[in-house]
Amino acid sequence: MYKIREERDERADTLMIPAMLDVHFPLLKYTFYSPRYAPVILENEKDIIATGLRYVHNDMCFPCILNVGQMIDALQSGVYDPKHTLLLMPSAGDACRGANYTEILRKAVEKAGFTDTKVLSLNVQKIDVEHQMHIEWYMVWRGLFGLYYGDMLLLLTQQTRPYEAEHGAADACYWRWVEKLSEDLKQGRHMTLGAMKRNFKRMAEDFAAIPRTGEKKQRIGLVGELYIRYCHLGNRNMVKYLEESGCESYTNGLSWYALYYINSHFSDGGLWMRLAGKILYKFMLHIQKAMLSAIREAGLFALPDFAQSKAEVQKFISTEGGVGDGWLIGMEATAYLRHGIPKVLAVQPFGCMPSHVFGRGQYASLARRLGGQIVSIDFDSGSSEVNILNRARLLIDGCFAEQFDKTEKT
């Protein structure tokens, strides 16, 4: 396996990646290292919306404006050599507007004067093949570990931090594990499923051992579009706001999206794609179950695994239509309401059709049938912070209906 060195590989170009996954990227970034690429996860935040709006139409998807603005701002800083910098833009590759991000970014970068800077695409739908990022097997294997370790840390940190007796204990535990796991990922050691499962158990035990105040706080589940849900830039620090408002914010893991994508996209391909999809699905589901088992054995909370969640929600929502985040949004909202999280905050970009069709269009029905409360917030470049927080307060301060028909939940 390619060993990642601290010093820059002279053969590698800088691979610029926009901030997208707050909890996962400190580990997932090692996925992108190879003799070709030296990844940089961008951290610049000031004025990136204004920069994005100079080069992207304001009607475009908010995550696109943020991504473009952050990348061009980084190029304009003078820190990076435009001739030896590559911009990476992942794409779902379906009818979501995100499928157009690479071409939009390419035009924006050219308009900004960086004609020597190339834009790479990352997708499995054979879109923009001539600019597809080159992937080695060890990058995929590292990515698998980064994905599940990131999920584990997300699920553990968010349900520990609001109750910690010593301020900062949960974040300190998070960073200890990031440091430890980063060394393994860089050196390519302990990269077996057995080692991963042992780490799951140790991580859960470490977080469970953090002293707690014993307070009772309302738990609010986050659902919605991928970027807005997982990146503080997209949701305007919503997780921090919920915690400062005396709540526990619960965001389900990224592996549920990965399994949803395999389940909804690979089943429509040819014979070999369907076969590969089934094998990959079972493999990743097995790891997810091991992760959730470790969390529960430590006495902590976790939603059911993807397969169980999908089976449970069949009579409440349709699992047809895998566009963007698609039916995953409704599935997770339903799972929250059925498993002790009676308040759900749905976050999405303004004008995101998958989020509106598969999400908002079902919220009233789900709340009536299952009890609870679902509040939706749209995020845009012109969104007022006051309006965003007012919507969040509706959920935080509001009462929710009791179960209208308890028999439906059984």
Side-chain angles (χ1 to χ4, degrees), residues 1 3-4 6 21-31 33 41 138-214 219 230 239 243 248-259 282-309 339-340:
M1 180 177 287
K3 290 188 177 182
I4 297 170
E6 293 294 337
L21 304 166
D22 292 343
V23 176
H24 293 74
F25 264 175
L27 294 173
L28 266 181
K29 68 180 180 182
Y30 298 110
T31 302
Y33 276 94
I41 308 297
Y138 52 80
M139 299 168 75
V140 176
W141 194 244
R142 274 197 179 100
L144 184 75
F145 279 69
L147 169 67
Y148 283 104
Y149 284 152
D151 269 10
M152 193 75 177
L153 290 172
L154 172 69
L155 298 175
L156 293 172
T157 303
Q158 284 197 356
Q159 66 180 292
T160 304
R161 188 167 50 215
Y163 308 100
E164 60 192 11
E166 180 185 350
H167 179 70
D171 285 339
C173 190
Y174 166 83
W175 285 111
R176 282 197 305 272
W177 273 102
V178 166
E179 184 177 355
K180 170 182 169 52
L181 297 172
S182 293
E183 286 302 314
D184 287 349
L185 290 169
K186 284 190 288 187
Q187 299 301 321
R189 66 191 181 198
H190 306 143
M191 301 289 287
T192 65
L193 293 186
M196 182 192 287
K197 292 175 182 178
R198 287 192 293 274
N199 279 333
F200 286 162
K201 181 177 175 61
R202 292 166 184 161
M203 292 160 77
E205 290 173 347
D206 272 4
F207 277 90
I210 294 175
R212 297 181 174 229
T213 61
R219 178 181 284 157
Y230 290 114
V239 171
E243 291 181 358
E248 174 195 337
S249 175
Y250 190 93
T251 310
N252 209 22
L254 186 62
S255 60
W256 275 261
Y257 175 82
L259 285 163
K282 289 182 178 180
F283 177 63
M284 293 188 67
L285 183 62
H286 170 76
I287 300 174
Q288 189 184 73
K289 288 181 177 181
M291 175 183 75
L292 297 177
S293 177
I295 294 174
R296 295 190 187 105
E297 286 174 6
L300 300 173
F301 174 81
L303 287 180
D305 63 71
F306 177 85
Q308 182 181 338
S309 293
H339 292 278

Donor-acceptor contacts, no H, no angles, side chain residues 204-211, under 3.5 Å, sequence neighbours left out:
{"from": "E205", "atom 1": "OE2", "to": "K201", "atom 2": "NZ", "distance (Å)": "3.2"}
{"from": "D206", "atom 1": "OD2", "to": "W177", "atom 2": "NE1", "distance (Å)": "3.0"}

Residues pairing under side-chain hydrogen bond (donor to acceptor under 3.5 Å, both in side chains) where one sits in residues 296-308, two or more places apart or in two chains, turn out to be S293-E297, Q308-E312

Nearest heavy-atom contact between F283 and L144 is CE2-CD2, 3.5 Å

Hey, can you tell me if Y250 and F301 have their rings parallel, tilted or perpendicular (30° and 60° cut-offs)?
-> perpendicular

Minimal heavy-atom distance between S255 and D151, with the atoms involved, is OG-OD2, 2.6 Å

Worksheet item: Quick one: are T251 and V23 in side-chain contact, heavy atoms under 4.5 Å?
Response: no

Side chain to side chain contact (heavy atoms under 4.5 Å, CB included) test vs M291 passes for just one of M152, M196, M203, namely M152

Correct closest heavy-atom pair for G253 and L154 would be CA-CD2, 4.1 Å

So salt bridge (charged side-chain N to carboxylate O under 4.0 Å, His left out) across residues 163-179, not counting sequence neighbours, yields R161-D171

Could you tell me how the ring of Y33 sits relative to the ring of Y30: parallel (under 30°), tilted (30 to 60°) or perpendicular (over 60°)?
parallel

Is I287 close to L193 at the side-chain level, that is, under 4.5 Å between some pair of heavy atoms?
-> yes

Correct closest heavy-atom pair for P26 and V178 would be CB-CG1, 4.0 Å

Note: K29 and I41 closest approach over all heavy atoms is CB-CG1, 3.7 Å

